[in-house]
Amino acid sequence: MKSFTAAATTLAFAGNVAAFWRMPCRSTTGIARIDPLVSPNDIADHSHIVFGGGNFGMNTTYDDLAHCSGKEDCTTCNVKEDKSAYWTPPLYFQHEDGSVEMVPNVGGMLAYYLFYLDDLEPFPEGFAMIAGNPTYRNFTGDFPDEPLSSWPTDPTDQFFLQQRAIGFNCLNYAKNPPEASLYRHQFPPKDYMDANCKDGIRMEMAFPSCGNGELDSPDHRSHVKYPSLVKEGNCPEGYDHHYPFLFFETIYATNKFAGKPGKFLVSTGDPVGTSYHGDFIMGWDSAEFLGQAIKTCTNPSGQIEDCPVFTLQTDEQAAQCSFPMPSEVEGDDCQGPRDGLPVGVPIQYGPEPATAYKVPGDKNVPTSSLKQTSTPATFHIPTLTYSPADAASTATAQGGIVVAAESSAAAAVGYGKDAEHGAAQASTTAAPSYSSASKDSNAVSTTTITRGNEVIEMVIEETEVTVTAQPTAGSYSAPAPNAYKEKRHLEHHKHHHHARN
Ligand SMILES: *[C@@H]1O[C@H](CO)[C@@H](O)[C@H](O)[C@H]1NC(C)=O
Ligand SMILES: *[C@@H]1O[C@H](CO)[C@@H](O)[C@H](O)[C@H]1NC(C)=O
């Protein structure tokens with residue numbers, strides 16, 4: 001175990017490079033129309049895929065997760081002290097004939113805890129929050145994003161930030177470098193995915209990390225806000241509690257449907273992608289333990305194996321954990337193939353926000369209004385009997401958030417700078433010292449990806465390429481600090497602009 005002095009030294013360093021850990025939760029505890037935050041003691045209006053603590057149900061609280069006994073005293077994450085609940089809507093594919101099946105999830109979820117803001121506090125006991133909004137059906141910004149240097153330094157427009165907190169990463173492991181995190185904020189077009197996303201889509205959800213000190217709020221959102229650059233930057237006034245930047249990555253094998261006519265849908269009935277969201281109930285043993293971990297787990301590898309305070313368990317052990325399926329939703333067939341989304345969720349295209357609909361099985365809605373299948377329903381009972389995690393799957397479930405800060409080249413055009421508030425945060429620092437490659441003066445950012453037990457570092461180097469912007473690019477104009485990346489943006493933009501509008 002590290003001595004206190006060693007930890008303190010590392011912490012000082014961590015302010016420069018955003019220390020983090022990557023929590024693998026390789027199995028789901030269950031897939032069901034449950035949402036203890038939004039629909040406590042009730043059936044949720046869309047399905048969720050849930051990871052983490054085993055004592056999850058229709059009315060779960062912090063205590064239920066963290067301090068339960070019996071067989072639900074477990075977690076599908078690899079750190080036993082973390083029985084937090086992490087959940088998102090899963091991804092579905094609707095075939096041309098209307099039938100719907102869940103897109104296979106590859107490798108569970110990675111929940112990142114990244115330490116961007118200063119003076120970090122652990123999530124308190126009883127803390128919960130939601131990022132994103134199931135009713136959203138449009139992305140109103142440019143593609144690719146306006147350069148960070150042009151984003152407002154005062155984060156008053158939280159809708160702007162929330163939209164950019166969602167990512168659909170087109171995975172192609174043969175491509176080097178891989179697509180950056182939080183690059184696309186809605187589904188790529190199906191034909192683009194068929195041609196390019198050979199390894200599926202990584203759905204990404206960034207959570208707000210500035211809090212007002214409350215544990216929760218009536219909408220589960222207004223007690224937290226995004227800092228000015230989503231993952232870092234300035235917190236809005238009154239939101240001066242700094243939490244770890246929580247970031248979910250969940251991979252779906254969309255490539256299974258390459259060449260097949262149909263469309264991808266979020267379980268909310270969303271063919272756009274912008275309704276993607278994530279929910280979190282803090283379920284760590286104690287806030288004190290989490291705080292200790294934040295202080296101690298500063299190894300730049302981000303690997304939980306490198307954190308001495310964690311008690312680890314294997315994927316196989318984690319896979320034995322599941323939540324008890326409430327009888328109200330036991331008959332749902334959340335994986336399909338089935339007729340329509342589970343259960344009775346209408347597809348709403350937007351761009352206007354989605355409206356409420358009747359929830360089959362809910363208090364005043366008879367189950368007879370449950371959308372009928374054209375063939376007799378095959379009731380898939382989603383009880384998770386023990387099965388070892390599929391090594392072939394987990395080996396390809398790569399993580400990808402850009403962990404290192406952008407370079408001084410980026411800082412030169414104002415990235416994350418707010419001199420008045422002295423809040424340049426981690427944004428103006430050099431690449432991390434753990435890689436010899438990233439010490440190179442040309443390295444402007446570093447991405448780590450995980451392949452099984454291997455962490456592979458990708459260093460993006462600055463190249464002196466001048467980008468000549470095309471006329472249809474809208475706001476795209478600033479000289480590129482990272483021309484390589486910008487050049488790729490340009491290519492993608494050209495390919496997609498018309499398809500998206
Ligand atoms: C919460 O749900 C559990 C089982 O799902 C039930 O036993 C318990 O009574 C519920 N609690 C409340 C307060 O409704
Ligand atoms: C885009 O979505 C937001 C949030 O739902 C909504 O307020 C806005 O009206 C939508 N834009 C259009 C053009 O419908």
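Note that ligands are numbered from 1 as they come in the structure, with each ligand's atoms numbered from 1 the same way.
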Nearest-option assignment for atom 13 (C) of ligand 2, heavy atoms, candidates Pro353, Pro351, Ala354
Pro351

Contact atoms of ligand 2, heavy-atom distance to Tyr136 under 4.0 Å:
4 (C), 5 (O)

Please work out whether the ring planes of Tyr86 and Tyr113 are parallel, tilted or perpendicular, with thresholds of 30° and 60°.
perpendicular

Got a protein heavy atom sitting under 4.0 Å from atom 7 (O) of ligand 2?
no

Let me see the working for Leu171 and Cys197 under side chain to side chain contact (heavy atoms under 4.5 Å, CB included), right down to the final yes or no.
CA-CA 5 Å; Leu171 291 173; Cys197 312; 5.7 Å; no

Carefully, step by step, assess Thr268 and Tyr276 under the rule side-chain hydrogen bond (donor to acceptor under 3.5 Å, both in side chains).
CA-CA 8 Å; Thr268 49; Tyr276 193 56; over 6 Å; no

With a cut-off of 4.0 Å, which atoms of ligand 2 are near a heavy atom of Asn138?
1 (C), 2 (O), 3 (C), 8 (C), 10 (C), 11 (N), 12 (C), 14 (O)

Is it true that Arg184 and Glu179 make a salt bridge, defined as a side-chain N closer than 4.0 Å to a carboxylate O?
yes

